[in-house]
Every structure is written in C-alpha cells, then in structure tokens.
*Asks:* 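One structure follows; several queries about it will come next.
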Number of protein chains: 2
Amino acid sequence: MNSRNISPEAQNRIEEMLAKLKSSDFRITPQRYAVLRILAASEEHPSVAEIYESVRAEFPTTSLATVYKTVSLLKDIGEVLELGFHDGNNRYDGNRPFPHPHVICMQCRKIMDPELAGLDDLSAEMNRKTGYKILSHRLDFYGLCPDCQKLA
Amino acid sequence: MNSRNISPEAQNRIEEMLAKLKSSDFRITPQRYAVLRILAASEEHPSVAEIYESVRAEFPTTSLATVYKTVSLLKDIGEVLELGFHDGNNRYDGNRPFPHPHVICMQCRKIMDPELAGLDDLSAEMNRKTGYKILSHRLDFYGLCPDCQKLA
DNA sequence: GTTTTTTTGATAATGGTTATTAAAAAACAA
DNA sequence: TTGTTTTTTAATAACCATTATCAAAAAAAC
Ligand SMILES: [Mn+2]
Ligand SMILES: [Mn+2]
Ligand SMILES: [Zn+2]
Ligand SMILES: [Zn+2]
C-alpha cells in the first residue's frame with residue numbers, strides 16, 4: 001500500500017513542492033518527502049510537534065531538528081505558510097502558502113480556512129493611507145468552533 | 001514639574017485605567033502608575049523591555065518582573081491590547097485596548113494604527129459562513145514604512 | 001574508486017516569558 | 001498605636017519552543 005487517501009489537490013501540492021525543491025537545488029530526501037507529504041495532505045494546520053509525530057510513525061529515526069529544518073526550508077522557498085503564535089506551538093499550512101484569513105478556536109485550537117471575499121482591496125487601501133509598501137498581511141479570527149460551543 | 005506633554009487623550013486613558021484598576025480591587029502602586037502612564041501616552045506600541053527602560057528612568061529600583069506582571073494585569077482587565085509575536089518582543093497598545101488593524105514595518109519594527117473602514121462587517125460574515133462564534137480578531141499588515149523605503 | 005557538498009541526528013544554547021519565594025508595603029483589626 | 005492579614009514587589013530560577021552547533025551519514029561530483 002503506497003498512499004492512503006491522497007486527494008488530487010494534495011497530490012498536486014506534493015508535485016509543486018517537489019518541483020520547487022528541485023528547481024531550488026535542494027535534495028529530496030526521505031525525511032523531506034515525509035514532512036512535505038504531511039503538510040500537503042493535512043487541512044489541520046499542524047504544528048511541528050504533530051508533523052514530527054506523524055513522520056516518526058513511518059520513519060522512526062527522524063530527528064525533531066530535521067522536521068524544524070525542513071519546515072523552515074519549505075517556508076523559505078515559499079511553499080508553506082507559517083502561522084506564528086507567541087505562546088509557542090506555531091502552525092503551518094502547506095495547502096495555501098500565501099496570506100489568507102484563518103478562524104481559530106480559542107478552546108481546542110482548531111484552525112480553519114474560511115471562505116472570505118473582499119479582502120484584497122485592503123492592501124491597496126493601506127498603501128494609499130499609510131505610505132507603507134504592503135508586502136504581506138495576516139488576518140486571524142478568534143472564537144469558539146461549533147463543537148466547543150456545544151460543550152460550553 | 002509633574003507631567004511632560006501629556007495629551008488630553010492620554011490623560012483620559014490614564015484616568016480610565018486607574019478607575020478600572022480601582023473598581024477591580026487592585027492597588028495603585030507607584031510602579032503600576034508608572035507603567036500605566038507610559039502605555040497611555042505612547043503611540044509606539046512599546047515592548048516590555050522598552051516600558052521597563054522608561055520606568056527605570058524615573059523609578060530605578062523597579063523589577064522587570066513587575067513590569068511583566070503589570071502589563072499582564074492591565075491586559076487581563078481589558079485596558080491594554082497585546083500584540084504577540086512568536087519571535088519574542090511582544091508589543092502593547094494602551095490607547096486602543098480593543099482589536100484594530102496594525103501596519104508593521106518589517107525592517108525597523110515600527111507599528112502604527114492605520115485608519116481603516118469596512119472591517120467590522122467581517123466578523124458577522126465569519127459567524128455566518130463558519131459557524132464559529134467570533135469573539136476577537138487580529139489584522140496585521142506587513143511592509144516597509146516610508147522611512148525604510150527611502151533608505152532601501 | 002576518492003573527494004566534496006549536502007543533509008541528518010543528537011544535543012547544547014538561546015531568550016522572552018512565567019513561576020517561585022522571601023521581603024516590603026499596604027490594608028485591616030483591636 | 002500595635003499587631004495581623006493581604007497584596008505587591010524584587011530577585012532569580014525554571015520553562016520551553018526554537019535555533020545553533022557539529023560530527024556522522026548520505027548523496028553528488030569527480
Ligand atoms: Mn490556512
Ligand atoms: Mn494599535
Ligand atoms: Zn473548538
Ligand atoms: Zn521602517
């Protein structure tokens with residue numbers, strides 16, 4: 001058995017990431033391939049610790065440092081979006097490696113990608129009104145997910 | 001000489017914070033008053049280290065831990081907004097202790113409060129589309145401030 | 001084959017923040 | 001006032017996700 005329920009979109013992201021690694025003259029090692037596959041397949045914005053756990057399930061000798069370095073590398077070549085949190089436990093999105101809004105549950109820390117229109121205009125408005133040259137942005141909504149609302 | 005260029009708005013914020021401390025049954029110590037005044041007066045979203053330095057200028061025996069605890073206390077009673085960054089160096093806004101957008105210079109780390117319309121609607125849209133009960137949000141724009149653009 | 005470069009794995013170091021705790025200050029009681 | 005209780009401070013140790021270091025392993029180049 002090779003792949004367990006890899007969606008066509010995830011498969012596509014895997015190809016893109018592999019291509020970008022290759023074109024950037026980085027080697028595709030088993031460890032990198034494992035990390036990359038998890039990032040491409042997961043919709044859950046996993047943390048490094050979670051990626052580490054998954055990788056070790058099929059590649060038990062992998063080091064935590066290697067996971068950190070691989071995630072950082074993928075971030076540097078623009079194939080992974082990092083969601084940094086000051087209370088540690090950063091989260092990563094390998095599906096949409098560009099700025100987009102997130103909804104974060106304050107209780108269970110679940111993170112989703114909401115569909116949201118009319119946001120791209122804001123950067124232009126920023127440029128005009130502040131004189132800053134806007135290069136990126138981050139928009140997080142905090143609240144309670146449906147599951148945690150039920151429990152409350 | 002008592003106050004050096006305290007604007008009426010800052011003075012107002014000071015009164016509000018003092019009142020909130022009192023009504024929450026916390027004591028108004030010289031250390032807390034010093035931290036509070038800096039947060040109310042500064043438009044620069046200072047870090048704890050910067051607040052610490054300012055406080056020590058007029059109150060040299062103050063401990064760093066006290067500054068941390070005071071800032072945290074003011075945050076807990078809703079009188080200060082915390083802007084956490086995962087690379088340490090969190091920043092604080094004592095003027096507008098409610099969610100509002102920020103523009104951050106990626107070079108000099110200057111942070112401003114831009115005027116920005118049409119954002120409050122987004123929370124409602126989030127509620128509808130995601131099922132999350134939205135309680136807060138954070139919107140940061142990253143770019144280069146006018147000064148750093150000149151130098152580039 | 002040998003040499004050179006890249007990558008890994010193990011572990012030490014980093015640094016902003018938090019926890020701890022004894023001393024000081026303030027509030028309270030008699 | 002004097003003693004008692006509660007809160008706050010100051011100093012410092014602990015925390016912990018991340019980063020740095022570096023020798024060993026793997027891959028590429030020769
Ligand atoms: Mn996402
Ligand atoms: Mn602000
Ligand atoms: Zn939840
Ligand atoms: Zn700047």
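Order of the sequence lines fixes the chain letters, A, B, ..., with proteins taken first and strands second; residue numbering starts at 1 for each chain.
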*Asks:* If D:dC30 has a Watson-Crick or G-U wobble mate with both distances under 3.5 Å, name it; if not, just say none.
*Replies:* C:dG1
*Asks:* When B:D93 is tested against each of B:L83, B:V80, B:D113 for side-chain contact (heavy atoms from CB on, under 4.5 Å), which residue passes?
*Replies:* B:D113
*Asks:* Give the first and the last nucleotide of DNA chain D, reading 5' to 3', that has any atom under 4.0 Å from a heavy atom of chain B.
*Replies:* D:dT6 to D:dT12
*Asks:* Apply side chain to side chain contact (heavy atoms under 4.5 Å, CB included) to the pair A:D140 and B:H137, showing each step before the final yes or no.
*Replies:* CA-CA 5 Å; A:D140 293 343; B:H137 71 263; over 6 Å; no
*Asks:* Are the side chain of A:S42 and the backbone of A:I38 linked by a donor-acceptor contact shorter than 3.5 Å?
*Replies:* no
*Asks:* Please report, rounded to the nearest Å, how far the C1' atom of C:dT17 is from the CG atom of B:L73.
*Replies:* 17 Å
*Asks:* What does A:N89 touch in the nucleic acid at a heavy-atom separation under 4.0 angstrom: a base, only the sugar-phosphate, or nothing?
*Replies:* sugar-phosphate
*Asks:* Under 4.5 Å between any side-chain heavy atoms of B:N90 and B:V48, yes or no?
*Replies:* no
*Asks:* Looking at A:E50 and A:S47, would you say the former's side chain and the latter's main chain have a donor-acceptor pair under 3.5 Å?
*Replies:* yes
*Asks:* Side-chain N or O of A:T66 less than 4.0 angstrom from OP1 or OP2 on C:dG9?
*Replies:* yes
*Asks:* Want to settle it: does B:T29 or B:K75 sit nearer the 5' end of DNA chain C, counting the closest nucleotide to each?
*Replies:* B:K75
*Asks:* Rounded to whole Å, please give me the gap between OH in A:Y68 and C1' in C:dT11.
*Replies:* 14 Å
*Asks:* Distance check needed: C:dA19 P versus B:L64 CG, whole Å only.
*Replies:* 15 Å
*Asks:* Between P on C:dA24 and CZ on B:F59, what's the gap in Å once rounded to a whole number?
*Replies:* 15 Å
*Asks:* Heavy-atom nearest nucleotide on DNA chain C for A:R56 versus B:G88: which residue maps closer to 5'?
*Replies:* A:R56
*Asks:* Heavy atoms from C-beta onward define the side chain here; which of C:dA10, C:dT20, C:dG16 lies closest to that of B:K69?
*Replies:* C:dT20
*Asks:* Using whole Å, report how far CD of B:E82 lies from P of C:dG16.
*Replies:* 15 Å
*Asks:* Whole Å only: how far is the CD atom of B:Q31 from the P atom of C:dA26?
*Replies:* 9 Å
*Asks:* I'd like to know if the side chain of A:R138 reaches the main chain of B:R138, judged simply by a donor and an acceptor atom lying under 3.5 Å from each other, with no hydrogens or angles considered.
*Replies:* no
*Asks:* Between A:F26 (CZ) and C:dT6 (C1'), how many Å, whole number?
*Replies:* 10 Å
*Asks:* Measure from NE2 on A:H86 to P on C:dT17 and round the result to the nearest Å.
*Replies:* 8 Å
*Asks:* May I ask you to say what B:N90 touches in the nucleic acid, namely base, sugar-phosphate or nothing, with a heavy-atom cut-off under 4.0 Å?
*Replies:* sugar-phosphate
*Asks:* Mind checking if A:S72 touches a base, just sugar-phosphate, or nothing, with heavy atoms under 4.0 Å?
*Replies:* nothing
*Asks:* Below 4.0 angstrom, N of the basic side chain to O of the carboxylate: do B:E16 and B:R13 qualify?
*Replies:* yes
